[in-house]
Amino acid sequence: MTPEQKVQAEAAAFRTLLKHLDDNKDVQNIDLMILADFCRNCLAKWYLAEAKALGADMDYDQARETIYGMPFKEWKEKYQKPASAEQLAAFDARQAGKGCS
């Protein structure tokens with residue numbers, strides 16, 4: 001695989017991930033954090049960091065709109081549900097487990 005093919009494959013995989021997340025809006029960010037230790041906001045932060053490293057003029061709201069496919073406020077109003085007590089407990093347990101050797 002050439003370096004250009006590698007970049008193209010990585011970009012296509014990223015677009016597929018974004019589409020998958022968009023097609024599964026019922027999967028809440030807290031669920032992603034519990035299971036995979038990242039969420040849509042993490043992706044936006046990583047995207048923003050790489051865009052800025054490439055010299056792009058972008059802010060966090062623009063990065064989140066890229067990841068969410070719409071302004072974050074709109075996505076939150078339409079799709080984000082309050083975290084359940086069980087989700088919060090699982091999240092807290094995962095966070096507490098970090099740093100243990």
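Quick caveat, the model's predicted, so the values are computed rather than measured.
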So, for K52 and M58, which heavy atoms are closest and what is the spacing to 0.1 Å? CE-O, 3.1 Å

Separation between CZ (R40) and OG1 (T66), nearest 0.5 Å, reads 14.5 Å

From the list E86, Q87, Q28, Q95, side chain to side chain contact (heavy atoms under 4.5 Å, CB included) partner of I34 resolves to Q87

F38 CZ to N29 CG distance, which is reported to the nearest 0.5 Å: 9.5 Å

More than 12 heavy atoms of other groups within 6.0 Å of K25 NZ: yes

Can you tell me if E10 has over 12 outside heavy atoms packed within less than 6.0 Å of its CD? yes

Any side-chain heavy atom of N41 within less than 4.5 Å of one from I67? no

Output for pair (Y79 OH, D26 CG), nearest 0.5 Å, gives 11.0 Å

Show the nearest heavy-atom pair for residues D57 and Q62, with the distance to one decimal. O-OE1, 4.0 Å

Group every Ile, Leu, Val, Met, Phe, Trp and Tyr by side-chain heavy-atom contacts under 4.5 Å, then state whether L18 and L48 land in the same group. yes

I'd like to know whether OH of Y47 has more than 12 heavy-atom contacts from other residues, nucleotides or ligands below 6.0 angstrom. no

Side-chain heavy atoms under 4.5 angstrom apart, residues restricted to Ile, Leu, Val, Met, Phe, Trp, Tyr: same cluster for L43 and L32? yes

For E50, I'd like to know if atom CD has over 12 heavy atoms of other residues, nucleotides or ligands within 6.0 Å. no

What is the distance from atom NZ of K19 to atom CG of D22, rounded to the nearest 0.5 Å? 7.5 Å

Any chain of hydrophobic side-chain contacts (each under 4.5 Å) joining F14 to V7? no

For N24, does the CG atom have more than 12 heavy-atom neighbours from other residues, nucleotides or ligands under 6.0 Å away? yes

If every non-hydrogen atom of A44 is compared with every non-hydrogen atom of A63, which pair is closest and at what distance? O-CB, 3.5 Å

Assign the ring pair F72 / W75 to parallel, tilted or perpendicular, where the plane angle (0 to 90°) is split at 30° and 60°. parallel

What's the spacing between T16 OG1 and L21 CG if we round to 0.5 Å? 11.0 Å

Locate the shortest heavy-atom distance separating C42 from M33; write the atom from each residue and the value. SG-SD, 4.1 Å

Would you give the length of the straight line joining atom CG of L35 to atom CZ of R94, rounded to the nearest 0.5 angstrom? 8.0 Å

Looking only at heavy atoms, what is the nearest atom pair of A9 and M1, with distance? CB-CE, 4.3 Å

